Amino acid sequence: MKKTVERTIKKAFFALAKNEGWTLQMAGGQVGVTVPKDESHGDFSCNLAMILAANTKTKPRVIAEKLSRQLAGNGLFSSVSVAGPGFINMTVHPDHWAAALDQIFTAGEDFGRISVGHGEKVMVEFVSANPTGPLHIGHGRGAVVGDTLARILSWAGYDVHSEYYINDVGLQMDNLGQSTLARCRELLGQPAGELPYKGDYIIDIARQFLEANGERIMEAPLEESLAKARKFSADKILDGIRSDLEEFRVGFDEWFSEATLHDSGEVEKTINQLQRKGHIREEDGALWLKTGSAGDEKDRVVRRANGVTTYLAADLAYHKSKIDRKYSMLVNVWGADHHGYVPRMKAAVSALGHDPEKLIVRLVQLVSLKRGGQTVAMSTREGVFTTLREILDEVGVDATRYFFLMRSSDSQLEFDVELAKRHSSDNPVYYIQYAHARCCNIFVTAKETGVKRIPFDQVDKSLLTGGDELRLIRKLLMLPDVVDACARSCQPHPVTGYLTEVAAFFHYFYKHNRVVTDDEPLTHARLALVEATMMVIRNGLEILGIDAPRKM
RNA sequence: GCGCCCGUAGCUCAGCUGGAUAGAGCAUCGGACUUCUAAUCCGGGGGUCGCAGGUUCGAAUCCUGCCGGGCGCACCA
């Protein structure tokens, strides 16, 4: 509908432009149609006249009057008026609103999908946590933000591929193997030795390690036992991560192992390529990527003097792989503590010959838990961390996803465990799900009452004239705009707020109107509205990866 | 010291590519269940949008400087 209004205004604008000497450039290149906060200002509002006035030195209200008269002649609106300093307020005729419900029925489970992405290939990389321990709630937030972002971009018409980059190489892996061996010795009653990772989960892994390899593995040369312990532990932990994410409905198209980049020689190849192109210099025997001249604080080492490559080197090869695989838009979801890494990565992508603007890093801020009126900040260092598994078991998937998604990822999140667990309307998740269940139930009632369903085009939509009905319809038709805004900003949270509004408008409508009555035409019209609501909520929840129950 | 994020109702946060009287949820107070699920609805109170300047027809929104909180500033990943 918004698009229709925009087109209509453009038409009116050009009809006058010849005589008035206006150009679209004078208007800022576009007609900015917005939905006013205040319903009394109409369905849509436009500040075109004010922008135009500034560039033509005319009074805004004069321009607004002219445009307004032109627009009023269009059958789309029931009223057009000039208000305030020069806003043009438009109210769309109720019949057009009701008829627009057809868009929802026609698109069905695809209503909300748009094509702004034009099939562009986009890679969304997220979680990518080291396989050195179970995922905690911070990872959980990143996981659900990344997963939902992938869903949103797909709904927006992008060709989306999601990936988990497994850092299965390096010092952390050695530490992990060492920790497992230490726990093994402990289990065998020997002095444990160094224990870099102190979490209890290593004890289980150690036990399984001994079972799988026999106690004699501990007498093997350290090099051998460590290599085995490293691999064994990482695999076990990765299995755990996989099943946690699966339960959390977070899926990946691919799990990409860093080790494969080293084994295939891609890391070396990437360094060589960058060296040839002059992006690398040598100092103190080490190789430095010249990121300092491309926005980073300073240049960064990719290969140490001892010949060992750094983490950045592997990440370069990884991003080269993304580019080689023809992904043009690269979305990375990172914990906010990695923000210092952003300029470096942008510079790196640029050195690889890709537009750094096409690397979008979405930083996700910390999560703290609130329970019993007390907030506990997450701290891996102090070992005060709640695992994703714990919160899933306690709160459930739907509420956990919703709570992780309801705030801008730029803001730190306080997760109110007690509120999330509450099965009542206080809890926004159930508030939305309940609205969906109510819709479904109305159809059960209709069927029991013997109401026959008729095709939408035979329904008399003009009967939907109530303020609360039109308000709901207007809201329902906004889903595509919400998807658009989310895709543009790479932020999923507006969807949660939108669905809360849809649910609120529906609950209000439900309370004040009876759907199934003796008035058959009106019953059919309202059933159509209920069905449209059901579809919008279901599609919205689908985007968020949250169930839409038929019954509660 | 430098950089990034945040500072909006008692609490948690939307709104920030500038728009008309600043919103939601929780909490709080008061109402509504012979009627399609009360997991619902209706209503009230609650604000110098951190502070101070600037940009303009118009600033919570943009710019500058402060103040406060978080997080970073490795040849770790």
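By convention in this document, chain letters (A, B, ...) are assigned in the order of the sequence lines, proteins followed by strands, and residues within each chain are numbered from 1. Remember, it's a predicted structure, so these values are computed and weren't measured experimentally.
In this pair, A:Phe87 lays its aromatic ring flat on the base of B:A20, centres within 5.5 Å and planes under 30 degrees apart. Judged by centroid separation below 5.5 Å and plane tilt below 30°, A:His338 does not stack onto the base of B:G72.
Here A:Asn513 lies in heavy-atom contact (under 4.0 Å) with a base. Backbone-only contact: A:Arg422 has heavy atoms under 4.0 Å from sugar-phosphate atoms and none from a base. Residue-level contact check: A:Phe443 touches neither bases nor backbone, having no heavy atom under 4.0 Å from any strand. In this structure, A:Lys447 reaches neither bases nor backbone, as no heavy-atom distance under 4.0 Å exists between it and the strands shown. Here A:Ala437 lies in heavy-atom contact (under 4.0 Å) with a base.
B:C41 adopts an anti glycosidic conformation, its chi angle falling more than 90° from 0.
Cation-pi geometry between A:Arg471 and A:Tyr508 is satisfied (NZ or CZ under 6.0 Å from the ring centre, within 45° of the ring normal).
Of all nucleotides listed (B:C75, B:C41, B:C73), B:C41 comes nearest to the side chain of A:Lys511.
Taking 3.5 Å as the limit, the base of B:A20 and the side chain of A:Asn89 contain a donor-acceptor pair of atoms between them.
Helical stems involving RNA chain B, defined as 3 or more consecutive Watson-Crick or G-U pairs under 3.5 Å, span B:1-7 with B:67-73, B:10-13 with B:23-26, B:28-32 with B:40-44, B:50-54 with B:62-66.
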